[in-house]
Structure formats: C-alpha cells, structure tokens
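Just so it is clear, the structure is predicted and the values come from calculations on it, not from any experiment.
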Amino acid sequence: MINTTIYSVICHPERIFTVFSTESKGWQFRVLSSGGAVYGDDKFYCTQVAAERAGRKWLK
C-alpha cells in the first residue's frame, strides 16, 4: 500500500485542484475536471508549496 499525503484540495465549479505527496515520488499536483478527466504534469517537487505554485501556473 502506498501512503499518500494530501496538502490541499481547492474546489472550483469547473474543476478540483489538489496537491499531494507519495512516499516514492514526492509532491505533485493534479486537476480533476467536471467531466472526470485528470490533468497535470509528470514532474515531482521538493515541497508542497513548489507543487502548488507550479499547479497554479499550469492552470493559467
């Protein structure tokens, strides 16, 4: 079983933005669309703050 830590979940009417960490991969972000599709990049970040900044930049 892989342990996952969720740092933040931000809900918007059209999407959900989350920042999380797994033991083996570090911090990442993902965006879940209202249609159920999952988006994001395959990069890993050293901190949750760096992952959130990258995710917010990616959304723009």
**Report entry** hydrophobic_cluster_shared for Ile6 and Val38, side chain cutoff 4.5 Å
**Finding:** yes

Requested in this report: Rounded to the nearest 0.5 Å, what's the gap from CH2 on Trp27 to CZ on Phe20? Could you check?
Outcome: 10.0 Å

Query - Side-chain heavy atoms of Leu32 within contact of Thr18, under 4.5 Å - result: no

Report task. With sequence neighbours excluded, tell me which residues meet side chain to side chain donor-acceptor pair (under 3.5 Å) with Glu52. Result -> Arg56

Query raised in the report: Does atom CZ of Phe44 have more than 12 heavy-atom neighbours from other groups under 6.0 Å away?
Result: yes

Query raised in the report: Heavy atoms, side chains only, cut-off 4.5 Å: are Trp58 and Val31 in contact?
Result: yes

Query raised in the report: Got Tyr7 and Ser21 here, is their nearest side-chain heavy-atom distance under 4.5 Å?
Result: no

For residues 9-17, which side-chain N or O atoms pair as donor and acceptor with protein atoms under 3.5 Å away, sequence neighbours left out?
| unit_1 | atom_1 | unit_2 | atom_2 | d |
| --- | --- | --- | --- | --- |
| His12 | ND1 | Glu14 | N | 3.1 |

Query - Between CD on residue Gln28 and CG on residue Asp41, distance to nearest 0.5 Å - result: 8.0 Å

Report summary line: Closest non-hydrogen contact found for Ala54 with Phe29 is C-CE2, 4.0 Å

